[in-house]
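The structure under discussion appears below in the form of structure tokens.
Scope of the values below: all heavy atoms of this structure, side chains included, with no hydrogens, waters or symmetry mates.
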Amino acid sequence: MYTVEFEHDVTTITIMDESGLHGDLIVDAFDDLVYIRQYDPEMDLDFVLEIGPKQWEDLINAIHSPEGMFKTITK
């Protein structure tokens, strides 16, 4: 299950683990960067990754790609 929320400067996607074994995966996508984070209750902190929008686009495309090496071309 997931939610998508739009605000004036950020799109937030929250992906919930329905099994309850893992923390929610939260993606905050801005025009110039994307944060991917997940809370760790044992350490009481968020683990945060910062990637560029192009990397985010490549990640989304990679999920739907067969094995191999690819280059995303933006028109």
Side-chain angles (χ1 to χ4, degrees):
M1 179 169 32
Y2 63 91
T3 64
V4 178
E5 301 171 57
F6 298 109
E7 295 192 23
H8 72 282
D9 64 342
V10 62
T11 299
T12 300
I13 301 166
T14 303
I15 302 167
M16 292 153 265
D17 175 26
E18 295 181 48
S19 72
L21 298 174
H22 307 284
D24 295 349
L25 182 68
I26 300 169
V27 176
D28 293 315
F30 296 86
D31 287 339
D32 58 343
L33 56 92
V34 177
Y35 291 115
I36 302 172
R37 59 190 165 96
Q38 187 175 40
Y39 180 71
D40 182 340
E42 291 179 13
M43 298 185 78
D44 191 29
L45 57 86
D46 279 324
F47 285 98
V48 180
L49 300 174
E50 179 182 305
I51 62 174
K54 179 75 169 75
Q55 288 176 290
W56 175 249
E57 182 181 345
D58 285 347
L59 175 62
I60 297 303
N61 288 331
I63 291 170
H64 302 287
S65 295
E67 183 177 14
M69 183 174 176
F70 304 89
K71 181 175 183 176
T72 302
I73 306 215
T74 305
K75 294 181 182 183

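- Note that the CG atom of Asp24 and the CD1 atom of Ile13 stand 13.5 Å from one another [nearest 0.5 Å].
- Connectivity analysis of hydrophobic side chains (ILVMFWY, heavy atoms under 4.5 Å, direct or indirect) links Leu33 to Val10, Phe30, Tyr35, Val48.
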With a cut-off of 3.5 Å and sequence neighbours excluded, list every side-chain donor-acceptor pair involving residues 56-63.
from, atom 1, to, atom 2, distance (Å)
Asp58, OD1, Lys54, NZ, 3.1
Asp58, OD1, Thr72, OG1, 2.5
Asn61, ND2, Glu57, O, 3.3
Asn61, ND2, Thr72, OG1, 3.3

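- The hydrophobic cluster containing Met16, built from Ile/Leu/Val/Met/Phe/Trp/Tyr side-chain heavy atoms closer than 4.5 Å, also comprises Met1.
- The backbone N or O of Thr12 sits nowhere less than 3.5 Å from a side-chain atom of Glu5 that would complete a donor-acceptor pair.
- The number of heavy atoms from other shown groups lying within 6.0 Å of CG (Asp9) is above 12.
- Partners of Leu21 by side-chain contact (heavy atoms from CB on, under 4.5 Å), not counting sequence neighbours, listed by chain and number: Asp17, Ser19.
- Of the inter-residue distances, the one linking Leu49 atom CG with Ile36 atom CD1 reads 5.5 Å to the nearest 0.5 angstrom.
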Side chain to side chain contact (heavy atoms under 4.5 Å, CB included) between Asp28 and Arg37, worked out:
CA-CA 8 Å; Asp28 293 315; Arg37 59 190 165 96; 3.1 Å; yes

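- Taking a 6.0 Å sphere around OH of Tyr2, one finds it holds 12 or fewer heavy atoms contributed by other residues, nucleotides or ligands.
- Think of Met43 as one node in a network of Ile, Leu, Val, Met, Phe, Trp and Tyr side chains linked at under 4.5 Å; its network also takes in Leu45, Phe47.
- With sequence neighbours excluded, the residues that form a side chain to side chain donor-acceptor pair (under 3.5 Å) with Asp44 are Tyr39.
- Taking both residues in full, the closest heavy atoms of Pro53 and Val34 are given as CA-CG2, 4.3 Å, listed atom of the first, atom of the second, then distance.
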